[in-house]
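Working notes, structure below.
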Amino acid sequence: MRPELPGLMKEIGAEVTRAYPVYGRLLNGPNAAAIRQGVEQALYAFVDRVAEPGKNAALRDELLRKFGRVEAYEGRELDTLQGAYRLGARIALRRAKALGQQYQLSPTLILAFADTLFAYVEELERISREGYAEVQSRAFSEVPARRRRLLHLILAAPPLPQTLTGLCEAAAWHLPTDVTMIALRPSVPEHLEAGLADDVLFDLDVPQPHLLVPGSLTPERLTMLEAALAGSHAVVGLTVPLTQAADSIRWARRVLHLIDEGVVADAPVVRCEDHLVTLWLLSDPALVSHIAAGELAPIDGLSASRRDRLVNTLRVHISTRAPAEQVGKLLGVHAQTVRYRLRSLDSLLGDRLADPDHRFALEASLRALHLLSRDTGA
């Protein structure tokens, strides 16, 4: 069964999102990675159980309970999630029947597989029901639960003010015009919640914990955040209109990823606004590399060492617009060497350096590649 799982996951994802568009929206939202991990765990745990009946499935169970919690937070009946589980099982059974015909497996075996599969789905439903009931037992009567639901709705899609007004009143929370999202590293300190201001929304029980601060991160808010973190680290997203909160947390999480890659320097609190150009240039590294390869194609035939020297000189030259003497100081070479390299580049690249579009593409892609090279030590 294992070789079939990657293709099966894609097929289930496509058919479930077609049948239940709400899950298509969630799979493009800030918790997409956690949702995909949960689906993957559910499929692989089934195969693991066949191979090793006693294997621990604690991670799968916790992710499935979170599925149930999300359904409750977003105000859906559990029937939607159960329907998605059962649809996934039918797709898996369809794949099994096709394999049975291909390998001439006995009908008895396929029937046993079907019985086991649908018993497994009932187990998934039961575990998700536990998470759902956990939230429902509070009936959103507690302000913290209502505030978590409010945060889920704000990030799930551009919220309509009239949709949120009643929930804001029940959650004792004033609906702001602008918000600042903050991405946290997992395993947040236990004392964090107690150190937050009363109007800060948060969800710390997810793989990618985050906060919502109404308005901008003022000096007073920053002091509050630093004290609450007490050793943990965070990335502050941009202050945006409420309807763009999902963008703010997406950018903050991207900077957190760039910190892990060594592109952005780590600190207790890192601000997205200090790294906007880096965020933009590295929004699609594969595309950047493709653009750079096209623009620099005329020098591909040179030796690696000469090509690297010319590329480095070109990057400094077009990004600084400085004379040869200053470029030489930045590179640690003589100005005459810089002039020689620039003449070589003019000869090799032709009109590209004079054309505004090509020049811009060269500068952007070379800056991006230089940022990426910090991680590799190149």
Side-chain angles (χ1 to χ4, degrees), residues 9 12-13 15-49 55-92 116-157 159 163 167 170-171 186-188 193 201-210 212 246 249:
M9 282 188 61
I12 289 175
E15 296 207 25
V16 166
T17 53
R18 185 161 51 246
Y20 300 95
V22 63
Y23 293 133
R25 171 173 57 78
L26 289 175
L27 281 168
N28 289 309
N31 294 313
I35 294 170
R36 290 190 175 92
Q37 184 187 19
V39 175
E40 179 179 309
Q41 283 291 319
L43 288 173
Y44 278 84
F46 177 78
V47 179
D48 288 342
R49 177 170 298 180
K55 188 167 183 178
N56 184 285
L59 176 58
R60 179 208 66 173
D61 293 354
E62 181 53 29
L63 289 167
L64 292 174
R65 289 189 189 98
K66 286 180 179 177
F67 281 4
R69 292 182 198 127
V70 169
E71 296 301 290
Y73 287 147
E74 296 205 352
R76 284 189 293 275
E77 296 295 328
L78 205 52
D79 292 348
T80 306
L81 181 60
Q82 291 172 338
Y85 284 159
R86 292 165 190 170
L87 175 57
R90 290 197 298 273
I91 297 167
T116 305
L117 177 63
F118 283 102
Y120 183 73
V121 168
E122 291 179 2
E123 180 183 338
L124 301 187
E125 293 175 356
R126 175 183 58 77
I127 295 169
S128 292
R129 198 178 300 117
E130 291 174 4
Y132 190 86
E134 177 188 324
V135 176
Q136 287 289 65
S137 65
R138 296 193 293 267
F140 298 116
S141 60
E142 302 173 6
V143 167
R146 288 177 174 174
R147 290 190 170 190
R148 280 194 297 274
R149 185 186 179 201
L150 187 58
L151 181 55
H152 272 259
L153 290 175
I154 290 171
L155 292 179
T163 305
L167 186 55
S187 302
V188 297
E193 182 178 337
L201 301 185
F202 54 86
D203 195 346
L204 309 179
D205 187 32
V206 289
Q208 295 177 303
H210 51 275
L212 181 153
I249 193 61

Identify, with sequence neighbours excluded, every residue that meets ring pair (Phe, Tyr, Trp, His ring centres under 6.0 Å) alongside Tyr120. Phe46
Got more than 12 heavy atoms from elsewhere within 6.0 Å of CD, Glu130? yes
Which pair of non-hydrogen atoms, one from [X] and one from [Y], has the smallest distance, and what is that distance?
X      : Y      : value
Tyr132 : Gly68  : CD1-O, 3.3 Å
Ala171 : Arg146 : CB-CB, 3.9 Å
His210 : Leu204 : O-CD2, 4.4 Å
Leu87  : Tyr20  : CD2-CE1, 4.3 Å
Pro207 : Ala34  : CG-CB, 3.6 Å
Leu117 : Ala89  : CD2-O, 3.3 Å

Can you tell me how far apart [atom1] ([X]) and [atom2] ([Y]) are? Round to the nearest 0.5 Å.
X      : Y      : atom1 : atom2 : value
Leu212 : Asp203 : CG    : CG    : 11.5 Å
Gln41  : Leu59  : CD    : CG    : 4.0 Å
Ile12  : Ile91  : CD1   : CD1   : 5.5 Å
Arg60  : Arg49  : CZ    : CZ    : 5.5 Å
Glu71  : Asp79  : CD    : CG    : 10.0 Å
Leu78  : Glu125 : CG    : CD    : 8.0 Å

Would you check if the side chain of Ser128 reaches a backbone N or O of Leu64 as a donor-acceptor pair within less than 3.5 Å? yes
Using modelled atom types only, decide if a donor and an acceptor are shared between the side chain of Tyr23 and the backbone of Leu81 within a distance under 3.5 Å. yes
Might you work through the side chain to side chain contact (heavy atoms under 4.5 Å, CB included) test for Val70 and Ile35, ending with a clear yes or no? CA-CA 10 Å; Val70 169; Ile35 294 170; over 6 Å; no
Assess whether a salt bridge exists between Arg148 and Asp205, defined as any Lys/Arg side-chain N lying under 4.0 Å from an Asp/Glu carboxylate O. no
Please determine if Arg129 and Glu122 form a salt bridge, counting it only when a charged side-chain N lies under 4.0 Å from a carboxylate O. no
Evaluate side chain to side chain contact (heavy atoms under 4.5 Å, CB included) for Arg65 paired with Asp61, printing each intermediate quantity in order. CA-CA 6 Å; Arg65 289 189 189 98; Asp61 293 354; 3.6 Å; yes
